[in-house]
Amino acid sequence: MKYIDAFRDGALARKISARITAEVNPDREYYLMEFCGGHTHAISRYGIADLLPDSVHMIHGPGCPVCVLPMGRLENMIQLARMPGVILCSYGDLLRIPTANGHSLLKMKAQGADIRMIYSSAEALKIAQQNPQNQVIFLAIGFETTTPPSADVIKQAQALGLTNFTVFCNHVLTPSAISHILQSPEIRELGLVRLDGFIGPAHVSTIIGSAPYEYFAEEFQKPVVIAGFEPLDVMQAILMLIRQLNNNRAEVENEFTRAVLPFGNIKAQMLVAEVFELRRSFEWRGLGVVPYSALRIKSNFADFDAEQRFELPSLSIADNKACECGAILRGVKHPRDCTIFGTACTPENPIGSCMVSSEGACAAYFRYGRFREANNHCNNSHTVNL
């Protein structure tokens, strides 16, 4: 805990805050996107926005794996849950996402479907070994961080000769999503979203390293600073971005050197490359169809691919019209811009995926920011939560 406390020191946070205030150019505004939902959570939980000058604007990106899962893939999961003899293994956040028809995996479980919440892919493999009479399907989601464990269980299942274990693969890739955002009409043509730089994700970067972000710095002239999830990590990254922008630099810098190497975890990358390959396209919630942005299981491991074994149809289903998750995930709108935020849509009764996951922007604002923002409007005063 002492190690963590060092990155949550309130006095040091105020010093970094004062440094940021001193170094911002009074003649300009700064628009910085934190791609990762973990950073959004940290910014809201620790009141970091209150420690920044008004000219520094934080924009939330699509880095929450549950939030970007499209409605069609969720409907596929409902279809799998309805199959007789199937045990569906899922992480907890996935269970409560509502479908277009109001279903959810949690409701399916209440109606009798055998859906089990797990904490690791290894648990799903163990359930398959213990239940040879059932087809066990692991719902694999997430960015580069969770992909190596999925690859590992597929290899283990093949080595064990399991015939009742498959993976429904929904793994997506960070660099493709950042590139798609920077090339979107909202940024390149319409000017609806201004982005000056990125806080690079922490856990993802431990796998892929810092090198893959160099393309964005060079091609789009956008600085990237990779940061850890503690509040001082995030504030230091903001300061580093402001310094780059003030000096007209667009480089990749690594604040999270205690965990991220330039070329990442090579062993994990080789494991992923052995089991998975790029999809030509994949639909993201909020971003639409993004080319080469997701992975599928290679033909050598086709026996463990739920899409092939159960012949799942490709579905594209529109979001709830009242929900602004799509615009929020693209950085076009803020959670408070959504008319159902905190009223019809709450963590207890989520309408959109951004309210379901603990990493979602709406859930973070509801838990840590909504009431503070309301007080700020009333009292016109700032609070420090560190």
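- Among the candidates Leu239, Ile199, Thr40, Val225, the single residue satisfying the side-chain contact (heavy atoms from CB on, under 4.5 Å) test with Val234 is Ile199.
- The CG atom of Leu88 sits 5.5 Å away from atom CD1 of Ile115, with the distance rounded to the nearest 0.5 Å.
- Val332 and Ile340 fall into different hydrophobic clusters, defined by Ile, Leu, Val, Met, Phe, Trp and Tyr side-chain heavy atoms under 4.5 Å apart, directly or through other members.
- Side-chain contact check for Gln156 and Asp152: at least one donor-acceptor pair (N or O, by modelled atom type) lies under 3.5 Å.
- Considering only heavy atoms from C-beta on, Arg279 comes within 4.5 Å of Cys169 through its side chain.
- The distance from the CG atom of Leu139 to the CG atom of Leu69 is 9.0 Å, given to the nearest 0.5 Å.
- Within 6.0 Å of NZ on Lys298 lie more than 12 heavy atoms contributed by other residues, nucleotides or ligands.
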Could you go step by step and tell me if Leu245 and Leu32 meet the side chain to side chain contact (heavy atoms under 4.5 Å, CB included) rule?
CA-CA 11 Å; Leu245 292 167; Leu32 311 176; 3.9 Å; yes

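- Atom CG of Leu94 is separated from atom CE of Met77 by 4.5 Å, given to the nearest 0.5 angstrom.
- Between Leu271 atom CG and Phe276 atom CZ the span is 8.5 Å, to the nearest 0.5 Å.
- Between Asp233 and Arg258, at least one side-chain nitrogen of the basic residue sits less than 4.0 Å from a carboxylate oxygen of the acidic one, meeting the salt-bridge criterion.
- When ring centroids are compared, His39 and His60 stay outside the 6.0 Å threshold.
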As a quick check of understanding, evaluate side chain to side chain contact (heavy atoms under 4.5 Å, CB included) for Leu295 and Leu278, giving each step before the final call.
CA-CA 5 Å; Leu295 299 174; Leu278 279 175; 4.2 Å; yes

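- Checked by atom type and distance alone, the side chain of Glu255 pairs as donor or acceptor with a backbone atom of Gly228 at under 3.5 Å.
- With values rounded to the nearest 0.5 angstrom, Tyr368 atom OH is found 12.5 Å from Ile48 atom CD1.
- By the neighbour-count criterion of 12 heavy atoms within 6.0 Å, atom CE of Met83 is densely surrounded, having more than that number from other residues, nucleotides or ligands.
- Nearest approach of Ser210 to Val260, heavy atoms of both residues: N-CG1, 4.1 Å.
- Of the possible donor and acceptor atoms, none in the side chain of Asp114 sits under 3.5 Å from a partner among the backbone N and O of Val86.
- The closest donor-acceptor contact from the side chain of Asn76 to the backbone of Ser314 lies at 3.5 Å or more, if one exists at all.
- With rounding to the nearest 0.5 angstrom, the CD1 atom of Ile20 is 8.0 Å from the CD atom of Gln236.
- The environment of NZ in Lys333 is sparse: at most 12 heavy-atom neighbours from other residues, nucleotides or ligands sit within 6.0 Å.
- Judged by distance alone, the side chain of Asp337 and the main-chain N or O of His334 form a donor-acceptor pair under 3.5 Å.
- Under the 3.5 Å distance criterion, with hydrogens and angles disregarded, no donor-acceptor pair is assigned to the side chains of Ser179 and Tyr215.
- Counting only distance, with no hydrogens or angles, the side chain of Ser176 and the backbone of Tyr292 share a donor-acceptor pair below 3.5 Å.
- Side-chain N/O atoms of His180 and Ser293 include no donor and acceptor closer than 3.5 Å.
- Heavy-atom contacts from other residues, nucleotides or ligands closer than 6.0 Å to CD of Glu311 number 12 or fewer.
- Side-chain polar atoms of Gln135 and Thr166 form no donor-acceptor pair below 3.5 angstrom.
- A pairwise comparison of heavy atoms in Pro350 and Pro98 identifies O-CG, 3.3 Å as the closest pair.
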Test side-chain hydrogen bond (donor to acceptor under 3.5 Å, both in side chains) on Thr146 and Tyr91; report intermediate values, then the result.
CA-CA 11 Å; Thr146 54; Tyr91 296 126; over 6 Å; no

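- Arg73 and Glu307 are joined by a salt bridge, as a carboxylate oxygen and a charged side-chain nitrogen come within less than 4.0 angstrom of each other.
- Nearest heavy atoms, Cys89 versus Val136: SG-CG1, 3.8 Å.
- In this structure, the side chain of Thr145 engages the main chain of Val204 through a donor-acceptor pair within 3.5 Å.
- In this structure, the side chain of Ser299 does not engage the main chain of Ala302 through any donor-acceptor pair within 3.5 Å.
- Scanning both residues, His171 and Ile141, for their nearest heavy atoms gives CE1-O, 3.4 Å.
- Counting heavy atoms from C-beta on, the side chains of Ile16 and Leu232 come closer than 4.5 Å.
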Worked verdict on Tyr213 versus Ile208 for side chain to side chain contact (heavy atoms under 4.5 Å, CB included)
CA-CA 10 Å; Tyr213 305 105; Ile208 68 174; 3.6 Å; yes

Derivation and outcome, side chain to side chain contact (heavy atoms under 4.5 Å, CB included), residues Val153 and Phe165:
CA-CA 10 Å; Val153 293; Phe165 179 75; 4.2 Å; yes

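- Under the 4.5 Å side-chain heavy-atom criterion for ILVMFWY residues, no single connected hydrophobic cluster contains both Val172 and Val275.
- Between the side chain of Asp9 and the main chain of Leu12, a donor-acceptor pair closer than 3.5 Å is present.
- The backbone N or O of Asn25 lies less than 3.5 Å from a partner atom in the side chain of Tyr30, making a donor-acceptor pair.
- Closest approach of Ala259 to Thr206, counting heavy atoms only: O-CG2, 3.8 Å.
- Using modelled atom types, one finds a donor on one side chain and an acceptor on the other under 3.5 Å when comparing Arg8 with Tyr46.
- Minimum interatomic distance between Thr99 and Glu75 (heavy atoms only, all atoms of both residues): CB-OE1, 3.9 Å.
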Begin with the C-alpha distance, continue with both residues' side-chain angles, and end with the deciding distance and a verdict on ring-ring contact (aromatic ring centres under 6.0 Å, His included) for Phe143 and His203.
CA-CA 9 Å; Phe143 292 90; His203 291 158; over 10 Å; no

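- With 3.5 Å as the limit, one finds a donor-acceptor pair spanning the side chains of Ser353 and Arg285.
- For Cys362, the side-chain contact (heavy atoms from CB on, under 4.5 Å) partners at least two apart in sequence or on another chain are Ile328, Pro335, Phe341, Cys354, Met355.
- Using modelled atom types, one side-chain atom of Gln269 and one backbone atom of Phe263 make a donor-acceptor pair closer than 3.5 Å.
- Ring geometry for Phe216 against Phe220 counts as parallel: the plane angle stays under 30°, on a 0 to 90° scale with 60° as the upper cut.
- Residues Met58 and Ser44 are not in side-chain contact: their nearest non-hydrogen atoms beyond the backbone lie 4.5 Å or more apart.
- Between Asp305 and Val167 there is no side-chain heavy-atom pair separated by less than 4.5 Å.
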